[in-house]
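In what follows, a single structure is set out as structure tokens and then discussed.
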Amino acid sequence: MSAAPVAARPAPAAPLLAVRGLKLRFDTRRGVVRALDGVSFEVAPGECVGLVGETGCGKSITARAVMGLVPAPGRIEGGEIRLDGRDLMALPAEEWRAVRGSQVAMIFQEPKRALDPTATVGSQIVEAAMLARRIDRAEAKRLALDTLRQVGLADPERIMRTYAFELSGGMAQRAMIAIAVVGGSRLIIADEPTSSLDVSIQAQILRLLQDLRRRLGSALILITHDLGVAAENCDRIVVMYAGQIVEQAPARELFRAPAHPYTERLLRSLPRPGRDALSPIPGTVPDLIDPAPGCRFANRCERAGPDCAATPAMSEIGRRHFVACYRPVRPT
Amino acid sequence: MRRVLRTLWIRLFNSALVIAVLSVVVFGFMRMIPGDPILALMGTEGITDAKLAEVKKELGLDRPLYVQYLSWAWHVLQGDFGRSIQNNEPVLPMLLERLKVTAELAVAATILGSSLGILIGVVSAVRRNTIFDSASMIGALSGVSMPVFWLGIILIVGFSVKLDIFPTGGLVSHNTRLVAVTGFPLLDSLITGQRAATVDILKHMVLPTVTLAFAPAALVARTTRASVLEVINEDYVNAGLARGLSFAGVVARHVMRNALIPVVTIIGLEIGVYLGGSIVTESVFSYPGLGRYMMQGIMANDYPVVQGAIILYAAIIVVVNLVVDLSYSAIDPRVRS
Amino acid sequence: MSAATLPPAGSVLGALKLLAERPSAMFGLAVIASLVVVALLAPWIAPYAADDFTEGVLEPPSWAHLFGIDQIGRDLFSRVILGTRISLRIGLLAVGISLAFGVTLGVLAGYFGGWVDAAIMRVMDVVMALPYVLLAVLIATALGPSLENGIIAIGIVRIPRFARVARAATLATVELPYVEAARCIGASHPRIIAKEILPNILGPLIVYGTLSLGDAILAAAVLSFLGLGAQPPTPEWGALLYEAQKYLTTAAYLSLFPGLFVFVTVLSFNLLGDGLRDMLDPKSRR
Amino acid sequence: MSAATSRPTVEARNLSVRFRARGEAAWPWSKAGEVKAVENVSIAVPRGEMFGVAGESGCGKSTLARALLNLVAPSAGEVRIDGRAVAGMPALELRSSIQMVFQDPYNSLNPRRRVGDIVAESLVVHGRFDDRERAHRTLTMLEKVGLGAQHLERFPHEFSGGQRQRIAIARALILEPQFLVLDEPTSALDVSVQAMVLELIRQLRRDLDLGCIFISHDLNLLGFLTDRLAVMYLGRIVEMGPTKEIFAAPAHPYTVELIAATPSPYEEGREPRQPIEGEIPSNVNPPPGCPFHTRCRKRIGPICDSRLPELRWHEGRAVRCHLYDGPPAESGGAP
Amino acid sequence: MRIVRLAVAVLALGLAPAWAMAQGKTIVYGRGTDSLNLDPGLALSSEDFKVTDWMFEGLVRFKGESTDIEPALAQSWEVTPDGKVWTFKLRPGVKFHDGSPLNAAAVKYSFERQFKKDHPHYSARFARWASKFGDMTGADAIDDMTVRLNFTVAQPALLQNLAIYVGYVVSQAAASANPQGFSTNPSGTGPYKFVRWEKNNLIELARNDAYWGGPAKVERVVVRVIPENDVRLLALQKGEIHLTDDLPFNRLAEVAASSTMAVHTVPAYGFSGIYFNLQSKTVGDVRVRQAINHAINRGRIFNVTFFKQGVSADQALPAGSMGYVKNIPAYAYDPDKAKKLLNDAGVAAGTKVNLLAFANPRPFFPSPTDAVAMVKADLARVGIDLNVNMATWADWIAKRRVGEFDMCLGGWTASTLDPDGVLYPLFHSHSIGNDNTARMADPTVDKLLVDARQSLDLKERDRLYQQAASRIADLSAVVFLANPLYSLGMRREVEGAFRNPANQVWLHQVSLR
């Protein structure tokens, strides 16, 4: 919380997206869920940032907040979301709407559910193109065909006429990606884009995203629970836990030398060939209704001490490596 | 397309089976109805047993039941629904004539009830938990909970007697002459271009249509609301918003069509309700339709009339179900393949 | 998020608490509860017996006769109160019939599938091939006009709807791993149906049953209107309405009070049913 | 249970499972499409072994699991437990020797029953013991999976995914089976929770000397957990052998691709490979010849499109690929 | 597609003139149910009679609102002393609506098709003939304008029967041209001729300009079906219809008091009441029947459920008619006496008595359910548990016939305005299993009724019928409730319309102010 203003600038270049001190709550019957508590991070132009964490850590909600599509009864309480320096939250609803699709676009976890089952793929991509680029239908259609080809869909003419249910998961996700990029957004948010896909298809889609990012020069926020996916695809990784960012670092640095105890324990929980035993994290994620102040990981942390009762600030412990912990793990 | 055709054939086959079984059941039911059709017809004055036997013989009612059934079924298969016990007129033409009258009312009520219901339902869903929502849903519940005959009489007293906007009932004014082209009164008046007649028929249709449409409209509104609320949380709605569509745009372009699918089912079911509900409505509004004809048939134990009417009803419901299925494929491409 | 939000089984109090967040449903429940109380205590609440005659006829409501006096001199208030028991019984029995047969058939069809399913659902199609008012009229006429036969008719015509609801719910449940898990430990079909399927399909059935209760009472009124339901002088609400209909334009209070009771009752069952549906449907709970 | 030469074994012999394709209209006389879920699969898992089955969606791994428990009837071939065919075995006897844990912990427990009842249900169905003994054993079992008496009266929704999977394991193991089939038991769980469940499974296997068939799409997981591994593609086993050896040197081109496509945070140096092309074909109309030929980088010619390779033993492993058709010497260097 | 459209257009042009609005004065008559047949021979319901009454006539007719007979299609007649042969002289120059002339052949045809089984146009459906003219052996055309009717027994009530539907004369030309279709395209000699029939909706009749009694004063009569009583009355109140019959009894006073509407009433020839089954175990004992008669508060039932319309009755025939007994012993409301009688008869408290009833109002029984409720309450007070079987009308008719009841709600209104038309079918033992609902087989009554029907002496007949009526009252065969009335509601601008005791609505002279 008090960490927000301190949030350092990981990248010296002017960031494309800057989220600062974002606080978001859900008013439920059980009480107020503090879903995001002082989330701050930046994305540089063309950069691929991984947002990782376990279920309920707030990574998807962060993405929704950036899109301006926080689901009811969620409410942003504070902080700012700056795109190219412009505070989106200060914009009138109509202008924020205009940002969507043309400057920020989103890819969803289950492509077949993110496509309207009763509308053709073509109509949806044309719709996206017309809205984002303010062009006429014919031009939008040309652009759509071109984009479909770019995402690796052979025979785009046919794809335009198909419906979501007629496509395989991989093809549907390619179509979804086409819809996201057709507007020329400089920031693409992919929310678990491959979680519903098979391993071999996942590899294709991730490769496609990387190719597109390089070709179009847009930045990518890759939200995933799969540390392997993040490691192989992202420049920089932001680790979230219980509504807070606990650590952020360049991908290799993070896996080589995790500093936050949570990150470290998480990595030790990963099964892989040749490992003797896993080392699970004891305990469970705290309830986000009226959580205890201080480090939210403290109750599960073997390193925790009395000082952890105060919320740790984000501090830079290595080059572009930040951690919010009083007792970070030092590389040995 | 071949699959659609194949499904169609299977559906028709099943429907024929259903109707065949139904015909046996109804035949049996009719014979279970206490009372004797000839006695009911000839009434109370001096009908001797010999006379009864003579009439029964003339009508073939003295034969064993299975013979009566088979003979009737065989004739029905040839398009001959027999003759009314009450007045010896051929059943099928009468049924069709009345069906056409009922059909126009049912179609009008369907259109009114569905469009009103969908409109209210969508607005309620989009404005969830507002005054409009609560008011229209309470209104919808009232519609479902109100006895039809009440509503009918209230409408007549209000709009016909007090305000004198509409007639108390009937199909047309007696000085309007209907010209039968297709047998559908409204359609005929349009085809022949008789504007006065069209207006007259429409005036007569308003109150019964409203009465008939009231409860179904309420049901459609409730279904639409629930359906829209369900759809509105789908990922593709978010996806639409994420590509820059406004909320209204998403509702219009992506929510409506998907939300319509369960609504179409309800509307299809409601057509059955219109047909059934028409018994009371037709009686209150003196409408010479099928429901009343059949009700009279039941009361007089007029076997051929009731059996014929039920076959017709079942056939209509089968057709309506088919149409509903076809409209699924119009709405939902998943069904098409 | 999905199954996790279902209220725990057996916790009536928990269900009530959830319901309490829906004022309209609570209103429905309160009305129904008071109707049940009225039905139980009817002979003590009603100042007169159903066929006690007073001196006057067709007198509008007064303090002595809250709902007025009917066309042959009976206290309408007493008759409406006494009718509560009959009308509620109609609803419960008719829905009971539909529920018992419909659920049995629907669960069998959904659980065993194949030809059992085909056979049962074809039979249901036969019943569904007619508008249900018509069918009820036909059955009631065939059995002879009486309260009992009206109940049976209303019960029968709604069997297919319950069967469909039960079948759909069963189909959805049968697919769930816990049913397979039960097979896995060797549980027999009857045991699986009783322990795994039935408790989990009760939700939609209770909702549908509640909504149907109102409908059944209304259907009984329609049958009475056609002279096929409860026979006068039985003070069933539908029969009261039917009798009062002759006086609709001259003594509207005769229709008004039974009509109001029918309306409020049906409304309450609908409100409660809607509330229960909302409560049981995790998707609508946000 | 000493490690005798012939340990009790669960085996599938030339097992095939085919289904009528869904949604087909059921004319009694019409020929409906068939899903060839499992085709001619043979495996043998002795007690005490952790056997892995890997593959992507549609490869038939879940169907194989269900066939092992006789939950689906095989179209051909048979399943034997300890030498006895399960087809003729009394249901209760079969159920007490092999049990299963399902993928989805949220739906594999009846939400309307209490945890104590769920776990004890197996004993009730099998008519074992009296109430007191059942209660005792239920509690002991729950404690074995890390839960306690305070959980007996709760309903499943009061538990986290990991705890539910423990309950499911308890339910399966209370009958003291010799074999346990686990169908992706951790795929719905978070990494940290998965780790706990996996450790529990490893420990229980050791303690109870279970034969486990662990089904998963996650090669990292299988590589960590299992002793032997079978890789399936379109209903067939394409490669089978000791897990370590397969990871060290995968033989079948599909295995190679699968391992390569599995992301891992620790293979920093790994040169990103071009992902395998194309989609998994439908198992209603599987391609002729080798099922993998449509996507195979190592296709050697028309033989791949036309002839189904046999599962051959090659360097301690069974491989189904024309590359290994000839004598081992000729095929030489595996990829 | 185009061809179809063209065809439709051509068809429409050809038919277009039919849309033209009918001109002139029209009387609109509202009623609850449609006709089933317009052929008077086939007519079975009062709705059938109604319309045929305006299109057809018999050889004679009732004079105004009385039960007297006056000439119609016959100008004069004579009868042999034994009452078996009747000869009628027809009115010359009368033409049927189809233009064919009235002659003896037409009369012969009209009658013989109804009973001669070898007649080419005979049908078993001509059902009412047997009860009215069962003893006829044939009709002879003496000459073109003279017809002779031959009977096996004396026919004291012949003229009354000739004045109603069974005796109406139809156009032989039209009926024999299309015997099946005559019912939907009838042709008679009456003041109105058939124009069209939209089933269940309306029947339109036009003035017969060639009517021998002079053309009617209105151009058209439209008969509309308005099933609901309330709605029909609303339509009358609004002026959509000019006339309607069978007004709800509870509304008669209100209509009569209205400034725009009026009511015309006429006593019906019959009664409403509750029959006892004289063969039943429980009420077979005359003391029990008398007790029940004393136990029922008939006056209150009449006041409340008949709304004091008609006359509170103690016998079958209405006051003023032949056979009416001025001082017939009446059963006064006296529960104590009833209890005593029951006690004498050894009837225990709580004895069940079955009542066969019907729920839907009938013209002679306006509120059957209310009456039943009151009877049930009355009988409960003297310890009889009335078990009510509310049957459908069809069921009631069947059960009534076979005597499946202890008591049976019912009544009788005859269209033959002669005591023979009421008392013989209801109380002669020959009619058991038919209309003798009370299943009375009393030798005294049998003899009186047979003697009376053989006699042509009006005084003698009156005496015999009075004796029979008294005997029936003594036996307490029926709980008499009312001699009901027929009503005709109308707009005040309607003049000259009335209803006669034979339940014929007379529109010959009707006019609109």
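Any value given below was found using the heavy atoms of this structure, including those in side chains, with hydrogens, waters and symmetry copies removed. Per chain, numbering begins at 1; letters A, B, ... match sequence-line order.
With a 6.0 Å radius and a threshold of 12 heavy atoms from other residues, nucleotides or ligands, C/Arg164 has its CZ atom at or below the threshold. Annotation: C/Phe101, atom CZ; neighbour count of heavy atoms from other residues, nucleotides and ligands within 6.0 Å does not exceed 12.
Heavy-atom neighbours of chain C within the stretch residues 63-71 of chain D, taken at a separation under 4.5 angstrom, comprise D/Arg66, D/Leu69, D/Leu71.
What you find for C/Ala181 and D/Ser108 is that their closest heavy atoms are CB-O, 4.2 Å. Scanning both residues, C/Ile185 and D/Glu121, for their nearest heavy atoms gives CD1-CG, 3.4 Å. The minimum heavy-atom distance between D/Leu92 and C/Gly186, with the atom names listed, is CD2-O, 3.6 Å.
Using a 4.5 Å cut-off between heavy atoms, D/Val101 makes no contact with chain C at all. Both the backbone and the side chain of C/Arg183 have a heavy atom closer than 4.5 Å to some heavy atom of chain D.
Salt bridge C/Glu196/D/Arg112: absent, no basic N to carboxylate O contact under 4.0 Å.
Using a 4.5 Å heavy-atom threshold, the side chains of C/Tyr178 and D/Pro156 count as separate.
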Discussion item. Please evaluate residues C/Arg191 and D/Val125 with respect to the criterion side chain to side chain contact (heavy atoms under 4.5 Å, CB included), reporting the C-alpha separation (whole Å), side-chain torsions for both, the decisive distance (0.1 Å), and the verdict.
Written reply: CA-CA 9 Å; C/Arg191 189 172 178 90; D/Val125 165; 3.4 Å; yes
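Contact count against chain C (heavy-atom pairs under 4.5 Å) is highest for D/Ser122 among D/Ser122, D/Ser96, D/Pro177. Each of C/Ser188, C/Ala187, C/Ala118 has some count of heavy-atom pairs under 4.5 Å with chain D, and the biggest count is that of C/Ala187.
Of the inter-residue distances, the one linking D/Arg95 atom CZ with C/Cys184 atom SG reads 5.5 Å to the nearest 0.5 angstrom. The line from CG of D/Asn110 to CD1 of C/Ile192 is 11.0 Å long, rounded to the nearest 0.5 Å.
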